[in-house]
Amino acid sequence: MSKADEQQDSDSTSPTGTDTGRRPRHLAVMVTCCLGMFMAFIEVTAAISTLRSMQVELSVPPAFLSWVSSAYTLALAALVLSGGAIGERFGRKRSYLSGVVILAAGSLVVATAPTFGVVMAGRVISGVGGALILPLSLAYVVMTFTDANQRARMISVWVSMSGVALALGPVLGGALNSMTSWRAVFVINTPLALVTVPLGVYALREAANPQRRLDPGGQFLAVVGLTGLVYGVIAGGRDGYAATHVLASLGLGVLCLIGLVLVEARAEQPMLDVRMMRSLPYSISLFLAAVGLFGFVGVTYVQVMFLQQVQRHTPLESGLRLLAEMVAFMVVTVLAGRWTARFGPARMLLTGLFTAAVAALLLSTQDADTSYLFSGLALALVGAGSGLVIAPSTSAALSVVPPQRAPAASNAVTGFRQVGSVLGTAVLGAVLGTRFAGALADELAEANVAAPRAEALVRAARQGIPHSEDPVVRAAILRSYESGVQLSLLCNSVLLLCASGVAVVFVVLSRRKHS
């Protein structure tokens, strides 16, 4: 640990050795870290509300729209493991505040983008900023509050900011989109950055270790591996998984990720310490962290598509209907720290995953006529269940590693969580698109639509959602899209249920440790 780390640790405790958490600087540290968390996560859901308007103005092929969300989360997931190492090498304070500026700058690039290619560049830039913000903000929370129970509560507060951002994203995005244009949505982070940077200059203590080595080989393999995997999943949903370029992309992604494990196992200062994964409880906590955000972001993405494409709600109306999920997530994450301290992270993970699995199963029965009372209650259960997973997954990982490995463990949890996020939209989006195209072929055949016309409509469905003035065809498209939504949510439910079974193992291991 560097001298700066030791100084901050000593400043974070009272003379009796317990965290006070009441000093003005400690409050300012929490506000700075929470603002960064808010900025990083509002980029996720606010952008979803812009898809339809962006597509019309920039003439974006429908099949490429998922990249508006995926480009940001992919860059964040691929680079977040290096964020902690960069902060340690060049200074956590300097790197964190640079991340805030980079994220806001990327958003402004999107807001002024003349073409879809520039939109993608801006989203990647924002992802780079987010990759610095998330691990370093968590590191400051962990360093500032050293008492285990208080640290768990502060982590829950920090995580709850993601719920606030995810909740406000669709509403703010939909409102700005309706009042002005989709471009205004990407200006939200500019005033937040103007507040966060000077507050961080005052509150944060610099901590650096110039001897900390970076890991360019591991970072390269992580970027190529995750990009290849995500591109293959998305392209496969459009072109079929037997296509040569899809198989090549998936194969490259898998090979690079295997190479990443081998390289990191031999590295002196790895960005991902795979040797820690020899601990089964630690590996399980990483897996559950990834699945937790996979389920939450996946449900949100699919539900937005359902609300706008099937039930024909506006972006603002869709955002308001997601509030049940987001508010429940926010409230539960605030309470999760207290519950985790009382009942332990293992029980929280099991309860949360099972609750989210049941809720996703209920949502998989939706159709165009489903009332909001039903879907709103199910969404609230998704939010509550996910809130019982996100914060406790961090506490679970930190509880099974030595204190000196806490920063590495927190970085790994953040990285796995973001991998789950990007795969949630990619995998469930691919399932939705594949099922939509397949079901449409059957629906058109039953409606006796001429074969040449049916084939053209199915080809169009693989690229997006075709339009038709024929009421018979419109009805077939609606039923087919419903089928895609239902199958994707059912797959999400099955994954969450399987993760619940893994959480049972974690509960058993946790009991043995304390027996």
Side-chain angles (χ1 to χ4, degrees), residues 44-56 60-73 166 169-171 173-174 177 182 185 230 233-234 237-238 294-326 359-360 362-370 372 374-376 378-379 382-383 421-440 460-467 474 476-493:
V44 177
T45 53
I48 295 176
S49 66
T50 69
L51 297 183
R52 185 184 297 176
S53 300
M54 185 185 297
Q55 177 187 3
V56 173
V60 182
F64 292 166
L65 281 178
S66 63
W67 281 107
V68 176
S69 296
S70 296
Y72 171 76
T73 51
L166 292 170
V171 178
N177 197 0
W182 64 267
V185 177
V230 172
V233 169
I234 294 176
R238 182 186 68 229
F294 179 106
F296 181 71
V297 174
V299 165
T300 304
Y301 177 79
V302 173
Q303 190 67 15
V304 167
M305 297 297 102
F306 171 78
L307 290 170
Q308 294 189 11
Q309 303 295 349
V310 176
Q311 295 193 331
R312 310 304 296 176
H313 292 296
T314 66
L316 178 57
E317 291 169 343
S318 300
L320 291 173
R321 281 165 171 77
L322 288 175
L323 278 177
E325 177 190 15
M326 303 305 178
L362 293 174
L363 287 172
S364 71
T365 65
Q366 293 178 113
D367 58 31
D369 299 322
T370 298
Y372 179 67
F374 175 86
S375 59
L379 284 170
V382 170
S421 174
V422 68
L423 289 178
T425 56
V427 172
L428 296 185
V431 172
L432 192 161
T434 302
R435 177 59 178 170
F436 171 45
L440 183 58
R462 294 191 180 279
Q463 301 298 317
I465 302 175
H467 300 280
R474 286 206 308 269
I477 291 173
L478 177 63
R479 290 193 297 271
S480 301
Y481 203 84
E482 280 181 0
S483 179
V485 168
Q486 291 166 354
L487 181 61
S488 60
L489 289 171
L490 179 61
C491 291
N492 200 0
S493 176

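Below, each value reflects all heavy atoms present in this structure, side chains not excepted, and no hydrogens, waters or symmetry copies. This structure is a prediction, so every number in the text was calculated from the model and none was measured.
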*Any donor-acceptor pair under 3.5 Å linking the side chain of Gln309 with the backbone of Phe306?*
no
*So, the side chain of Ser53 versus the backbone of Thr50: is there a donor-acceptor pair under 3.5 Å, distance only?*
no
*State, with a plain yes or no, whether a side-chain heavy atom of Phe374 is found less than 4.5 Å away from one of Leu362.*
yes
*Which of these, Ile477, Val431, Val485, sits in a side chain to side chain contact (heavy atoms under 4.5 Å, CB included) with Phe436?*
Ile477
_Least distance between heavy atoms, Val382 atom then Ala359 atom_ = CG2-CB, 3.4 Å
*Contact summary for Arg435 and Gly484, nearest pair of heavy atoms*: CG-CA, 3.6 Å
*Hey, could you give me the CG/OG distance between Asp367 and Ser483, rounded to the nearest 0.5 Å?*
12.0 Å
*Closest contact, heavy atoms only, Ala426 versus Ile234*: CB-CG1, 3.9 Å
*What heavy-atom pair brings Ala46 and Val185 nearest, and what distance separates the two atoms?*
O-CG1, 3.6 Å
_Residues Thr370, Gln311; criterion side-chain contact (heavy atoms from CB on, under 4.5 Å); working and verdict_ = CA-CA 9 Å; Thr370 298; Gln311 295 193 331; 4.3 Å; yes
*Between Val422 and Tyr72, does a side-chain contact (heavy atoms from CB on, under 4.5 Å) hold up when you go through it step by step?*
CA-CA 9 Å; Val422 68; Tyr72 171 76; over 6 Å; no
_Asn492: which of Val299, Leu487, Val302, Val427 passes side chain to side chain contact (heavy atoms under 4.5 Å, CB included)_ = Val299
*Is it true that a side-chain atom of Ser480 and a backbone atom of Leu440 form a donor plus acceptor pair closer than 3.5 Å?*
yes
*asked:* Test side-chain contact (heavy atoms from CB on, under 4.5 Å) on Leu323 and Val171; report intermediate values, then the result.
replied: CA-CA 8 Å; Leu323 278 177; Val171 178; 3.9 Å; yes
*State the CG-OH distance between Leu320 and Tyr372, to the nearest 0.5 angstrom.*
8.5 Å
*side chain to side chain donor-acceptor pair (under 3.5 Å) partner of Gln303, the single match among Gln366, Glu325, Gln308, Arg321*: Gln366
*Do the non-hydrogen side-chain atoms of Val304 and Pro170 ever get within less than 4.5 Å of each other?*
no
_Criterion side-chain contact (heavy atoms from CB on, under 4.5 Å) on Tyr301 and Leu428, from CA distance to verdict_ = CA-CA 8 Å; Tyr301 177 79; Leu428 296 185; 5.6 Å; no
_Nearest atoms (heavy-atom pairs only) where Ala368 meets Glu482_ = N-OE2, 2.8 Å
